[in-house]
Every structure is written in C-alpha cells, then in structure tokens.
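All figures in this text were calculated on a predicted structure; none of them were measured in a lab. When a ligand or atom number is given, it counts from 1 through the structure's own listing order.
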Amino acid sequence: MIIIGELINASRTAIAAAIQGGDKAAIRQVAKDQAEAGADYIDVNAGIFVGREPQYLTWLVQTVQEASDRPCAIDSPDPKAIEAALEAHRGTPMINSISLEKQRYDNLLPIIAGTDMKVIALCMSDEGMPESVEDRLKIADSLVNGLTRNNVPVDNIFVDPLVQPMSVNNSFGVEFINAIEAIVARFPGIHTACGLSNVSYGLPARKLINQTFMTMAICKGLDGAIVNPLDRNMMATIIAAETLMGRDDFCMEYLKAFRAGRLEN
Ligand code: THG
C-alpha cells in the first residue's frame, strides 16, 4: 500500500497557522513524524488560501524537503499552484490531482505528459460528482486513456473514484467499493488511491467507519491511501488487511510491523 500522509493540509488549524506564521519548524516536524510512521509521500495542501496557493505550496514543498527525503504529493485543484510547487520540488513528486474538469485537465496534461511523475486521476468532471460505478468508470476511462496516450505509464496512475459521505446517500459506500473493483479489472496494472475520511462525514465514531471502509476497499484492490500515518489503529488495519488479501509474501510485512511494535496499542 502506498501511504500518502495527509496531515500537512491548511484545512487543519495548526497547519494554517504555521503557513501564515512562516513556522518552518512546525511543518518540518509534521513531515518528519509522518515519514517515520511510514508515509511514502507527504501530501501538501494549501487549498484554503485562494490566490496565495502558488506561493504557499512552494514554501510547503521546500520546507517538507528540508526535513524528509520522501517526495511530496502536490495537492491542489489549481494547475498554476501545482506548476509553481513543481518548480521547487527535488526528485519525483506525485500530482494530486488531475481530473476531467476541462480547465484542470487541459492545463495539467502537458505538465505530466512524458514525465515519470505519479499522478492521482480524480473521478470528477464538469458534470459534477459521480455517484454510481458507471459514472466513475466513464470518467476513469477518459482519464486513463488521455494519460496513457500522452506517454504516462499505467503504473504511474492512481485512479481516485472519489469517496462520498454515507450520511448523504445510503448507496455511496457500496458504489465506491465496487468502483475500485471495476477500475482494477478494467485497467490491468493500474493503481487506485483515495482519501477515506469523507465517507464518515456527519457520523459519530468516524475512526470506526474509516477503518472498516479501508478494510473493505483493500479487499477490492485499493493500493494507495491518503491517511493520517500517525493513526496507529488505521496503519495496523492496513497491514492486517493486506496480509489477509495475500499481498504479503510469507506474512513478512506483518511480522516486521509486529516486531517494530506497530500492531498493538
Ligand atoms: N482525494 C484526493 N486528495 C484529497 C482527498 C481525496 N486531498 C484532501 C483530502 N481528500 C484528504 N486529506 C485530508 C487531510 C486532513 C484530514 C482529512 C483529509 C483531517 N485530518 C484530521 C484532523 O484534521 O485533525 C486528522 C485525522 C485523524 O486524526 O485521523 O481531517 O479524497 N485525491
């Protein structure tokens, strides 16, 4: 499972304050903590600062790279902000994300084409949020075909079917889970990724819902997740579910995690 650490997100008050105060030490600490807890990528998101996103994302990339050797996942709907942050990034980052929204698609595709960057392909279009498996597959088809035609290897693409809140529509959980299964079947070699926390929006005991949903998604083939790597229970759930799915030869990763003290509270 590719773990994308979600904590450097300006929607969190501590991060917004650190960005505005230019507090490099605070950002470095969160980057370091997430890397030590097992993050493969460090997500950086300054989305609440409309207009200043290019400047703040650039600063976040620089600051994270002072503290950790993990690449960033550059998280923005704004191609200009992504472009600015890319300039500052050393090594090969992940783009989070391209979508089928025309403005976003047209501006990001030439930036990604022919590079070795990983890219999250978010199932969203100008027609709005997808609800059914079919809605998602239709968008995923266009995105995957567009990217591969532009020399992006399937192995670099993570399709995000877009998690929607259970509290809004009783079918959203199942449609998402089945979309993972359908995408993995349709595009051999593709990856999938998602942010989970939306599924529990509006419900109590959100961690219970998020962890259970993670297990269900891993069962269908999910192999990338935007999560809080400091959440020990979530990380242990991921390891156990992957082992149970047979994605862990001789249970080696499970045993390694146990010996490192990561599986028990
Ligand atoms: N798909 C893609 N990118 C995304 C999302 C997605 N980026 C943004 C978001 N969704 C995922 N990122 C976050 C970041 C922070 C939180 C939730 C999602 C969050 N964190 C808790 C907090 O604020 O304290 C801490 C989490 C915890 O304690 O477990 O709320 O869907 N492609």
**Study point:** Phe49, CZ atom: more than 12 neighbouring heavy atoms under 6.0 Å
**Key:**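 It does: Phe49 CZ has more than 12 such atoms within range.
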Practice item. Using a cut-off of 6.0 Å, state whether more than 12 heavy atoms not belonging to Lys138 lie near its atom NZ. Key: no
Point to revise | Protein residues that have a heavy atom under 4.0 Å from any atom of ligand 1, sorted by chain and number | key: Glu6, Asn9, Arg12, Asp75, Asn96, Ile120, Asp160, Gly195, Ser197, Lys207, Ile226, Asn228, Asp231
Review point. Between Glu83 and Lys80, is there a salt bridge with N-O shorter than 4.0 Å?
Key: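 Looking at Lys80 and Glu83, the cut-off is not met.
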Check your understanding: Are Arg247 and Asp223 ion-paired here, with the side-chain N under 4.0 Å from a carboxylate O?
Key ->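 Asp223 and Arg247: not salt-bridged.
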Practice item. Hey, could you give me the CD/NZ distance between Gln29 and Lys24, rounded to the nearest 0.5 Å? Key: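 Here the interatomic distance stands at 15.0 Å.
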Check your understanding: Does a donor on one side chain and an acceptor on the other come within less than 3.5 Å for Asp78 and Ser76?
Key ->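 No, no side-chain donor-acceptor contact under 3.5 Å.
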